[in-house]
Structures are given as structure tokens and as C-alpha cells.
There are 2 protein chains.
Amino acid sequence: MPRAGLNQATVVAAAAALADEIGYSAVTMGLVAERLGVRTPSLYKHIGSLAELGHGIATLAMTEAADAIRDAVSGLSGRDALDAMCRAYRDYVLKHPGRYSATTGEPATGPDDPLALAGERAIGAISAVLRGYRIPAGEMDHALRTVRSLLHGFATLQAANGFQWDADAEESFTWLIDFAHRGLTSTSPGSRS
Amino acid sequence: MPRAGLNQATVVAAAAALADEIGYSAVTMGLVAERLGVRTPSLYKHIGSLAELGHGIATLAMTEAADAIRDAVSGLSGRDALDAMCRAYRDYVLKHPGRYSATTGEPATGPDDPLALAGERAIGAISAVLRGYRIPAGEMDHALRTVRSLLHGFATLQAANGFQWDADAEESFTWLIDFAHRGLTSTSPGSRS
DNA sequence: CAAGTTTGGCTAACGCTATTAGCTTTAAGC
DNA sequence: GCTTAAAGCTAATAGCGTTAGCCAAACTTG
């Protein structure tokens, strides 16, 4: 039996690709092994368990998403950067729904967890965009969490077809970006109507 | 053997309670049966499959969340209604993280699906709040999707402990509500900074 | 109230999944 | 070239969802 030349990265990559095709919850050790031309137990020479594989997929997705944002906003600032960031994030999730859904509900085990580092990268990319807005120093964390919530929510709802997105999802997303821009510009807390 | 007096509703309720305690993905037919004092195969007299049980939990959660919002905003309008809605939604998800996570990635099979009806209830409750803002007629759907994305994103991220919510999540949430209020008030699309 | 029928529980069994144990062969190091 | 660790394999176990078929409990109907 010639060797397949696998390692942790190739197994995770194959599982991530499979997740995008058939859905994250449908990924099994057997299917991943089949795709790699190998028997199921052989995978355990490279990854500890199915849960660990899921953790790896989540880390990969978070890293890729952060890089996509970073690339998209490079050279831009202000509203242009916000627009590019939102679209890059959304496009990534729509392109890789399976691996992205691995990130929902996957807790980082500690500060040295690669998933935590990938999360930091994403935070940093969003933070760079938000720095173009006049946000008070103490409110930056709140703005970060809010924008991340908005993007994450839209992406997961659209990926899961949460509503009947009757074809004008693009228009809705443009409106969402306008909404975020308005929310970020006039930063005056406690402004009751 | 005396009968347990089960039906579809009691089984779904037990499973939902279990999901809140041990997490949605940890719910098994065996554990639900054990909680109900019954053997596993007996559950199949009331529900068709584990997938159907998940669908039922999702429907229950969506209905309860919609009702929670409806109750919270009754008698309020404008920014007060927005505030009450956001907090009611967030509180519900934090109180019932297990059953809520059943709603993520659960597609409605058709227009007559109870889950679709529950979704309509939720949409209606949010819509009632948004009607207090001067939103152009054609943009109402976009606003609905945007607000729903924001709430869903924050709730799921906090439930999954997506960031290190070092204790000031409450403050972040207040900031998020301000953000949403600003985004909804000055509705002038295409307003580039 | 008695007989029949439906309903809801049970045990037994099957297939699929993740996972472990232990063997064998490959490839790499000295 | 020999040693050795890594990477594949087969075989086996345990736990899951699910189905089949039995049997008693409760409802129906005269």
C-alpha cells in the first residue's frame, strides 16, 4: 500500500471542501476518508477526533474570512472600506457556507488556541475599518461587537435561507451597509428621539 | 405498564428543556426518552424522527421569541419599543440558548410549515416596532432583514461566547441599540460621508 | 357492561457512526 | 543496510437513530 502523504492540513482542507458541498453537519469521517482515498481509521493518525476536525475547519474558515476582509479593504478608508469589508465577508460566507457554519458555536479553548488567534485577525481587520470613523476611544469594543454581530447575523441567516430571500437579497445588503454607515457616523450615545 | 400520556407537544417540550441544559447538539433520542420515563423507541409513536424533533424545537423557540417580543413592546413606540424589543429578544436567547440554536439552519419546508408561521409572527412583531420609524415604504423589508440580522448575530455570538465577553456585554448591547436607533432614524439612502 | 379496535408502550434487531487496538508496511535516519 | 517511527490497514467495540413486531391499556360501540 503506497502512502497517501496526508497531514493535518490536508485532512482539514478536504473536510472543509466537503462541508461546502454537502453541508457541515453531513461531514463524516467516512466521507472525508473516501475523498482522500484512504480508510476511515487512517484519519486518526492526523487528527484526534471528529470534534477536533470541526475545530480545524472553524479555524481555517475564520482565518480565510479575516484575510478576505484584509485584502478587500486594503487601500480604502471610510465608507468605501466599510462597503468592501461587508461585501467581502458576505461573499466569503456565501462561497463557503459549510466551513463557515463550523465557526458557529465553536468555543476557543484558550488564548493560545489557533481559533482564538484567527478570531483576533478578524477583529483586527474589522477594527482597521472602524478606525476610519470618529468613534470615541472607550466605545471601540462595542462598535466592533456590533458590526461583527450584524455581519455574522446576515451571513448566517442568508446561508440558512432564514427568510424567503426572494431574489433581492443584494438590495437588502446594500441597505444594511447604509444602515451600518449611519449607525457609525453620528456617534452620540443616549440620543433619544 | 401504565401509560405515560405523551404527545408530540410534551416530547418537544422535554427535548427543548433538555437542549437548554446540555446544548442542542447533545440532545439524543435516548436522553429525551429517559427524561420522560420511557424507552427510546416509544418516542417514535409521537414524532417521526430526530430531525422532526429538531424542527419542532425550532418552531417552539421561534414562537416563544415572537411572543416575548410582542409582550415586551406592547404599549411602547419609537425608541422605547426598539429598546424593549432588543432586550426581550436577547434575554430570550440567553435564557433558552439550546432551543434557540435549533432555529439556526432549520429551513421551513413550505408556506404551511408551522415554523414558517412562527417566523411570520416574529417578522410581524419586529415590523410593528419598525413602523414607529419613518422608513420609506419600499425599504421596510430591507430594514426588517437588517434588524433581524443584527439581533440574531448578537444573540448567537453571545450564546456561543464568540468573543471574550469580559463582563461588559450589557454595555455593548446598549451601544448596539443606540447604533440601531441611529441607523433607523436618518433614513437617507446613498448618503456618502 | 362486553367485545372489538385503536393507541402507546415494550423488546429485539439492523445499519451507520466514531473510535480503539493491534498488525504490517513504508519511508526516513544513521 | 539496519533500525525505528510513522502511516496505512483489518478487526472489533460502543453508542446512536430507526424499524419491526408483540402486547397491554384505553377508548368505542353495541
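Everything numeric in this text was worked out from a predicted model, so none of it was measured. Naming: A, B, ... by sequence-line order, numbering from 1 per chain.
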**Item:** Ring centers of A:Phe154, A:Phe173 separated by less than 6.0 Å
**Value:** yes
**Asked** How about B:His96 and B:Tyr24: are their ring centroids closer than 6.0 Å?
**Response** no
**Message:** Going by the rule ring pair (Phe, Tyr, Trp, His ring centres under 6.0 Å), which residues pair with B:His55 if we only count those two or more places apart in sequence or in a different chain?
**Reply:** none
Taking [atom1] from [X] and [atom2] from [N], how many angstroms apart are they, rounded to a whole number?
X: B:Leu43; N: C:dT11; atom1: CG; atom2: P; answer: 13 Å
X: B:Arg39; N: C:dA13; atom1: CZ; atom2: P; answer: 15 Å
X: A:Gln8; N: D:dA7; atom1: CD; atom2: P; answer: 11 Å

**Complete:** 5' to 3', nucleotides 15-21 of chain D under a 4.0 Å protein heavy-atom cut-off (B base, S sugar-phosphate only, - none) gives -SSBB--
Does a side-chain N-to-carboxylate-O contact under 4.0 Å join [X] and [Y]?
X: B:Asp20; Y: B:Lys95; result: no
X: B:Glu34; Y: B:Arg39; result: no
X: A:Arg182; Y: A:Asp178; result: no

**Asked** Using a cut-off of less than 4.0 Å, is there contact between a side-chain N or O of A:His46 and OP1 or OP2 of D:dG8?
**Response** yes
**Under 4.0 angstrom between B:Ser42 side-chain N/O and C:dC10 OP1 or OP2** = yes
